[in-house]
2 protein chains.
Amino acid sequence: MQGMGRWEPNARGRLEQAALELYLERGFEQTTVAEIAKRAGLTERTFFRHFADKREVLFWGSGTLQEHLVNAVADAPESAAPMDATAAAIESVGALFQERGENARRRQAVIAANAELRERELVKLATLSAALAEALRRRGVAEPAASLAAEAGIAVFKIAFGRWISETGGADLSSIIRESLDELKAVTAGR
Amino acid sequence: MQGMGRWEPNARGRLEQAALELYLERGFEQTTVAEIAKRAGLTERTFFRHFADKREVLFWGSGTLQEHLVNAVADAPESAAPMDATAAAIESVGALFQERGENARRRQAVIAANAELRERELVKLATLSAALAEALRRRGVAEPAASLAAEAGIAVFKIAFGRWISETGGADLSSIIRESLDELKAVTAGR
DNA sequence: CCAATGATGTCAGTGACTGTCATCAGGCTA
DNA sequence: TAGCCTGATGACAGTCACTGACATCATTGG
């Protein structure tokens, strides 16, 4: 039947789970990789075979996120202006987070509590920006317009996401993103 | 006369100098903190009394940069719209880099060559963005307009700076910033 | 049944970073 | 001048993230 052999399945998933739990219980710095591995029934060495470092275990999902973003840009109608394609993409990504709801907030609480994790989050956002710019270029958008639209889009997402997280009520993330984008247009328009 | 006592003066400066030299000679990863300290005539422990970690030694100047940015925003005429005050600030910072010329390029080469250093650079840019937003708020700009203008401004700076660095000729950074800002306006305007 | 493969364990490092205490110059005060 | 305080440094031991090298063992294909 199933592969129930020497090793329990889904080692990576167990490591992610154990890490998130421990980071929530004691905090990121107070958790050692050895402890994470032990809770997952594995060794420290194996942890580093699955994740490049102690931070990456929290950001494994960002690859999927990037794919969504790129696909959304590619799927935008040909007639859409660069910023409209960008807007459509970040709004659809917003809907993803909307679903994950509680999980997203817990994860974000861990990240917000630690400088090293916030640092890594910036890298992930920069990577998303680069991928977004590349997707726009494939639509024929020239530089530096592609990079600028991408940076602006990610900036809007960052700010809208922060507002959504801090909202007590269950506001709609996509709406916040749309509003923030309009604010950006107003601000850059000079007034 | 001078304090020529037990210790040579300017320990921090000597550490910065030694670190930049070694990072250029062998690369960031291949350099140990012990080596930096030795070249500066100090011990490893003392290095960590001056800099929080091995990366910070390259970013000590960012505090000054932040002051310039904040002052420039504060000095903008009251009548200036948020994005205009932001534009004035990043252009004046651009002039700063223009002066440092060769040094800026050497430093940037070291940073570009290493992922950890690029990561730290993102933190510094995010810090600048936060300070810029704060300065705008002091001008009476409301949220999220202040944060959005700040993020957009830093994004423009980042992209313009990258173009300036990769230019072979000695193009004018302030001009590139101005052009990039106009591009952003065009892109966010929807066409 | 055997060989190749792949995920894991074991072990011995290196090097970044920290806590703690000792040392020593300059300055302040009695 | 002696005594004391302060601040920068050295010396030293320790923790922990991360890596390289090699052994182990289930699965898979022949």
Side-chain angles (χ1 to χ4, degrees), chain A residues 1-20 22-23 25-60 110-111 113-121 123, chain B residues 1-20 22-23 25-60 110-111 113-121 123:
Chain A
M1 267 288 81
Q2 86 271 41
M4 270 306 291
R6 182 185 187 187
W7 308 290
E8 297 299 315
N10 194 23
R12 163 169 285 132
R14 271 151 49 218
L15 286 168
E16 285 181 338
Q17 178 69 25
L20 181 56
L22 285 166
Y23 292 170
E25 289 172 17
R26 337 182 173 168
F28 176 78
E29 287 185 359
Q30 285 64 46
T31 303
T32 68
V33 174
E35 290 167 342
I36 298 171
K38 187 173 183 182
R39 182 171 294 201
L42 295 165
T43 64
E44 189 180 3
R45 191 67 185 84
T46 297
F47 177 96
F48 287 109
R49 288 198 178 98
H50 285 279
F51 304 102
D53 59 48
K54 194 185 167 187
R55 293 157 224 108
E56 275 300 299
V57 66
L58 274 181
F59 295 92
W60 188 245
V110 173
I111 294 173
N114 181 270
E116 289 181 60
L117 292 174
R118 291 194 301 270
E119 193 166 3
R120 180 55 51 84
E121 189 182 29
V123 171
Chain B
M1 272 284 86
Q2 84 273 41
M4 270 306 291
R6 183 183 186 188
W7 308 289
E8 297 300 315
N10 194 23
R12 163 170 284 131
R14 271 151 49 217
L15 286 167
E16 285 180 339
Q17 178 69 25
L20 181 57
L22 285 166
Y23 292 170
E25 290 171 17
R26 333 183 176 170
F28 176 78
E29 287 185 359
Q30 284 65 46
T31 303
T32 70
V33 174
E35 290 168 341
I36 298 171
K38 187 171 183 183
R39 180 171 294 201
L42 295 166
T43 64
E44 188 180 3
R45 191 66 186 85
T46 297
F47 177 96
F48 288 109
R49 287 197 178 98
H50 285 279
F51 304 101
D53 59 48
K54 194 184 167 188
R55 292 156 227 113
E56 274 302 296
V57 67
L58 275 182
F59 295 92
W60 188 245
V110 173
I111 294 173
N114 181 270
E116 289 181 60
L117 292 174
R118 292 194 300 271
E119 193 165 2
R120 180 56 51 86
E121 189 181 31
V123 171

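Just so it is clear, the structure is predicted and the values come from calculations on it, not from any experiment. We use all heavy atoms of the structure for the numbers below, so side chains are in, but hydrogens, waters and symmetry mates are not. Letters A, B, ... are given to chains in the order of the sequence lines, protein chains preceding strands, and every chain is numbered from 1.
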Exam field: side chain Lys54(A) to backbone Phe48(A), donor-acceptor pair closer than 3.5 Å = no
With respect to the side chain of Thr46(B), which nucleotide from dC17(C), dA17(D), dT9(D) is positioned closest?
-> dT9(D)
Quick one: which of dC18(D), dT10(C), dG19(C) gets closest to the side chain of Arg45(B)?
-> dG19(C)
Atom pair distance, as rounded to whole Å: CD in Glu29(A) and P in dA16(C) | 18 Å
Donor-acceptor pair, Arg14(B) side chain versus Ala40(B) backbone, under 3.5 Å?
-> yes
Between His50(B) and dA8(D), does any side-chain N or O lie under 4.0 Å from OP1 or OP2?
-> no
Between dT10(C), dC18(D), dC17(C), which one does the side chain of Arg49(A) approach most closely?
-> dT10(C)
Rounded to whole Å, NZ of Lys54(A) lies from C1' of dT19(D) at a distance of 17 Å
Would you verify whether the NZ or CZ of Arg12(A) falls within 45 degrees of the ring axis of Phe51(A) while also being under 6.0 Å from that six-membered ring's centre?
-> yes
Consider the side chain of Ala11(B), meaning its heavy atoms from C-beta on, and name the nucleotide among dC17(C), dT9(D), dC18(D) that approaches it most closely.
-> dT9(D)
Separation of atom CG in Leu42(A) from atom P in dA7(C), rounded to whole Å | 13 Å
Against the side chain of Thr32(A), the closest entry in dC17(C), dC16(D), dT20(C) is dC16(D)
Euclidean distance, atom CZ of residue Phe47(B) to atom C1' of dC17(C) [Å, nearest integer] = 11 Å
How long is the line joining CD of Glu56(B) and C1' of dA16(C), in whole Å?
-> 15 Å
Could you tell me the separation between the CD atom of Glu44(A) and the P atom of dG20(D), rounded to a whole number of Å?
-> 15 Å
Side chain to side chain, Asp53(B) and Arg120(B), heavy atoms closer than 4.5 Å | yes
Could you check how far CZ of Phe48(A) sits from C1' of dG13(C), rounded to whole Å?
-> 14 Å
Provide, to the nearest angstrom, the distance between the CD atom belonging to Glu119(B) and the C1' atom belonging to dA16(C).
-> 15 Å
Report which part of the nucleic acid Arg55(B) touches: base, sugar-phosphate, or nothing (heavy-atom distance under 4.0 Å, all strands).
-> sugar-phosphate
Spacing of Thr31(B) atom OG1 and Arg39(B) atom CZ [to the nearest 0.5 Å] = 8.5 Å
